[in-house]
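What you see is a predicted model; the values in this text were computed from it and never measured. Every chain is numbered from 1 and lettered A, B, ... according to where its sequence line falls, protein lines coming before strand lines.
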Amino acid sequence: MRTSPVRNGIQTGTIFGIIMVMMFLIGFTVIGAELIGKILGNPSISGMPDLIYFVIFMILVGVWCGVSAAKRPLYGPDSVKDAVLAGLSAGAICGLCAAVTGFIFGSVAANHIDVRAYLVSVSPESISMFTFNQNPTLGALALFGVMTLSSFLSALVAVEVRTSQKIRTMIENTSGSISETVHSQRISDLLNNKYARYGFYLIVAIALIILPRTWGGYWNYVFGTVGIYIILGLGLNIITGWAGQLVIGYVAFFAIGAYTFALLTAPVPHNLLWNFWIALALGIVVAGISGLLIGLPILNLRGDYLAIVTLGFSEIIRILLKSDLLTTFTGGPRGVHDVGGPTLFGSSFNTDVDFMYIIIIAVLVVSFLAYRLQNSHTGKAWVAINLDETVARATGINAFVSKLLALALSAAIAGLAGALFASRNQFTGPDDHQLMVAINVICLVIVGGIGNIPGIFLGAFALKGLPEILREIENYRMLVFGILLIVMMRLRPEGFLPAKRPVLEKFTADQRSSTDPASHPGNLETNTPPGKGK
Amino acid sequence: MESTHKLGMQVCIETQKVSKIFGGLTAVNAVNLSVPEGAIASIIGPNGAGKTTLFNCISGYYKPEHGQIIFYGQQIQGEQTYSVASFGIARTYQNIRLFADMTAIENIIVGQYPRFTANWMDAIISTRREQNEEKIAIEEGRRLLKFVGLEGLGDHLARNLPYGAQRRLEIARALANKPRLLLLDEPTAGMNPQETDKMTHFIRSLRDELGITILLIEHDMRVVMDISDQITVLDYGTKIAEGKPREIQSNQKVIEAYLGPGGSSLTKKYQLRKKQRHAIIN
């Protein structure tokens with residue numbers, strides 16, 4: 001049974017209409033227009049973006065609406081009329097929602113009532129922009145017109161694209177997803193070529209040496225942060241990605257590393273002024289031991305106890321650091337200032353460029369450790385525990401010790417990240433160690449590809465690098481994270497770059513190409529009684 | 001048809017008055033069981049008789065409230081499951097429990113875990129010990145894949161294998177530990193007669209060629225009568241009979257446990273009628 005295209009269009013239109021109204025109410029229409037202005041190379045100076053950028057923003061929403069209405073998988077290639085009808089009705093409904101909102105708020109603003117008392121983001125400027133600087137009636141009509149028209153036209157184009165075989169194959173050819181590119185035959189062949197691999201490593205090494213020197217302090221700061229989050233992600237991946245034990249309060253170990261390092265190297269409150277490297281090592285060890293101690297009483301239990309205990313632990317640590325109780329020992333809410341920087345052979349070594357190098361080396365070392373652990377028996381035991389703990393125990397794995405080791409290693413790596421973070425900022429305080437840090441790390445591991453090392457790099461760049469670059473959406477970070485996580489769970493629960501199991505039975509190339517057992521008919525059906533051939 | 005395999009003199013596994021109580025329910029009640037080395041022993045009984053609970057007690061998943069479990073002269077009751085595995089007891093499960101998101105060969109490599117000596121430090125600095133063990137583990141994995149007839153499927157995820165292959169992979173994982181005792185929980189469940197025949201043959205070859213003592217739970221009486229050296233019958237957690245297949249077939253208590261009170265007279269009638277029919281045909 002076919003659903004009618006108009007009804008479909010109305011459904012899509014309603015969703016987009018609600019999104020549109022919500023975006024207006026939280027002030028995202030202004031932000032969107034600003035972003036478009038920035039992308040088109042014309043940042044607004046007066047604070048409000050030009051009207052034209054808002055129109056472009058609206059048209060983009062309309063286009064999206066139209067395309068998704070036309071894309072509903074009910075129409076065959078010949079039903080251009082249906083698809084366009086769906087696009088038109090979707091645009092009309094979406095436009096109607098926008099128009100009603102615009103009319104109401106326009107009228108309210110025309111009567112000089114400030115709605116900001118109730119809706120903090122709806123400023124008079126944003127209302128006037130929403131109605132195209134016209135009076136409410138005209139603005140509402142214009143909104144309706146823009147949405148309907150853009151949706152209709154985009155639906156038309158979308159159907160045209162979909163029905164045209166030529167364009168379709170072209171799109172299919174060009175739009176291979178990231179993971180397909182990374183795991184494609186050609187690239188894996190290239191990586192298997194020894195010289196190509198060494199050449200690639202050489203290029204990366206040169207880039208890593210040259211870039212920090214040339215791209216300036218701002219980028220060193222941004223990518224330094226990304227690097228620290230990569231370290232955190234790799235650490236969390238051991239206990240959560242491989243061993244499958246959710247740790248929510250991962251920031252606790254980050255804080256322990258940071259404070260251990262800071263207190264050992266800062267002049268106030270203890271004036272210890274230890275050497276950078278010794279303090280760094282101690283920070284790692286102390287964080288690792290704290291992980292061990294947290295794990296001892298709870299890792300013998302199954303389920304999500306670890307998540308809850310670490311959640312509580314991280315809050316206790318943060319509140320303790322903030323409290324008066326420990327002010328003399330940890331500096332209290334003001335934190336620890338003048339944390340020591342790195343030294344090398346007696347000379348100071350703490351420009352932003354030098355620090356970038358240290359972070360790069362730390363990332364490489366941690367990735368190397370993670371890679372080696374992943375391919376070891378220990379790594380396989382972790383994955384086995386993750387998949388089925390009962391069976392893992394019955395195959396002879398001491399699950400408690402394995403999980404404890406994973407947690408201690410994770411915590412130690414977080415300690416390293418914390419010490420580097422404190423040293424780079426030359427400061428650490430309780431507010432550096434809020435739960436949000438841990439949530440960010442969990443997000444980046446999940447989004448990037450849980451259990452996969454390159455995935456974590458990608459996740460860290462996407463979740464920590466991009467928001468730094470796109471400052472405008474800073475306030476909407478939580479919203480974007482939420483949406484991103486929901487979308488990921490729906491569309492790609494295994495992450496952008498999902499983990500791959502190694503090929504161990506055969507190393508030859510012909511084996512790698514086939515991934516479904518159906519391509520090995522010989523072995524499935526003719527199972528001669530095994531053991532006979534002995 | 002009873003197996004004529006010559007049994008060793010040594011006792012492989014012995015349970016002495018083992019009881020397991022869940023709240024008010026006695027799932028296993030003072031069960032004595034003794035399996036000589038090199039035997040294929042079956043445990044049968046109606047649903048809920050406590051067969052799997054007894055398995056779980058032997059493999060260390062449950063700690064029995066009373067009694068002793070002795071494996072080659074060593075008491076193992078109450079030990080952790082991983083130590084029981086390292087003593088040389090491996091098991092499979094009623095509903096297949098593989099590491100579904102690992103490849104087939106990785107499942108077998110994990111199965112060899114008790115034999116690994118390299119730790120995480122070895123892994124990080126990639127010592128010779130680690131490299132050797134890894135190499136041996138992969139070779140052993142390939143050998144076992146071949147042994148159970150899954151050659152060439154080793155790099156597929158376990159979840160993607162067909163049902164019969166998953167059953168055999170589970171046994172291969174259990175064998176990877178080089179066990180002296182193998183506990184099989186309904187190895188032919190869900191198989192058609194041809195597959196069941198192959199599995200029966202395979203189980204016998206495990207004993208004949210590898211010398212592994214086998215204790216199995218099975219509902220398919222054809223399989224049980226075919227391969228067992230000894231059969232133990234449980235009902236409501238209590239052992240009601242023990243003996244060779246032929247003895248069990250004619251045991252009154254067993255028939256009543258399966259068919260209810262009066263069952264034995266039913267079977268007598270049935271056998272009588274069968275005999276008559278035979279007489280007519282002949």
Problem set entry | Within 6.0 angstrom of A:Y305 OH, more than 12 heavy atoms from elsewhere |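 No, the 6.0 Å shell around OH holds no more than 12 heavy atoms from other groups.
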For this session: Could you tell me whether B:N132 atom CG has more than 12 heavy atoms of other residues or ligands within 6.0 Å of it?
Result: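 Enclosed: over 12 neighbouring heavy atoms sit under 6.0 Å from CG of B:N132.
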Can you tell me how far [atom2] of [Y] sits from [atom1] of [X], rounded to the nearest 0.5 angstrom?
X	Y	atom1	atom2	result
A:H377	B:N119	NE2	CG	11.0 Å
B:T81	A:N398	OG1	CG	8.5 Å
B:N107	A:L387	CG	CG	8.5 Å
B:W120	A:S402	CH2	OG	12.5 Å
B:I124	A:L369	CD1	CG	5.0 Å
A:E494	B:D101	CD	CG	10.5 Å

For this session: Determine the option with the most heavy-atom pairs under 4.5 angstrom with chain B, choosing from A:A394, A:A399, A:A499.
Result: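 Option with the top pair count is A:A394.
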Which atoms of [X] are under 4.5 Å from chain A, going by heavy atoms: the side chain, the backbone, both sets, or neither?
X	result
B:Y61	side chain
B:A137	side chain
B:V84	neither

Flag the one option from [options] with the top tally of heavy-atom pairs under 4.5 Å to chain A.
options	answer
B:S126, B:A100, B:A176	B:S126
B:S83, B:A123, B:G111	B:A123
B:R173, B:M199, B:E139, B:Q80	B:R173
B:Q112, B:R115, B:E133, B:R91	B:E133

Exercise. Which bit of A:Y371 comes within less than 4.5 Å of chain B, counting heavy atoms only: side chain, backbone, both or neither?
Worked result: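 Neither part; nothing is under 4.5 Å.
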Problem set entry | Proximal component of A:N386, with respect to chain B [non-hydrogen, under 4.5 Å] |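 No part of it gets close to chain B.
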For this session: Verify side chain to side chain contact (heavy atoms under 4.5 Å, CB included) between A:T390 and B:R97, making sure each step is shown before the conclusion.
Result: CA-CA 9 Å; A:T390 307; B:R97 290 177 78 167; 3.5 Å; yes
Could you give the side-chain donor-acceptor pairs of residues 403-416 of chain A under 3.5 Å, partners two or more places apart or in another chain?
unit_1, atom_1, unit_2, atom_2, d
A:K403, NZ, A:L299, O, 3.0
A:K403, NZ, A:E389, OE1, 3.4
A:K403, NZ, A:E389, OE2, 3.1
A:S410, OG, A:G235, O, 2.5
A:S410, OG, A:I239, N, 3.3
A:S410, OG, A:A406, O, 3.3

Exercise. Is there a side chain to side chain contact (heavy atoms under 4.5 Å, CB included) between B:N177 and A:T395 once you walk through the steps?
Worked result: CA-CA 8 Å; B:N177 188 17; A:T395 47; over 6 Å; no
How far apart are the closest heavy atoms of [X] and [Y], and which atoms are they?
X	Y	result
A:L504	B:D155	N-OD1, 2.9 Å
A:A384	B:M102	N-CE, 4.1 Å
A:A381	B:Y113	CB-CE1, 3.5 Å

For this session: Any chance you could lay out the salt bridge (charged side-chain N to carboxylate O under 4.0 Å, His left out) test for A:K380 and B:E134, step after step, and finish with the verdict?
Result: CA-CA 11 Å; A:K380 289 195 185 77; B:E134 181 71 24; 3.5 Å; yes
For this session: Check for a donor-acceptor pair, side chain of A:D388 on one end and backbone N or O of B:L98 on the other, with a separation under 3.5 Å.
Result: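 The answer is no, because no donor-acceptor pair under 3.5 Å joins these two groups.
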Exercise. Does any non-hydrogen side-chain atom of A:R372 lie less than 4.5 Å from one of B:I125?
Worked result: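 No, every pair of side-chain atoms sits at 4.5 Å or beyond.
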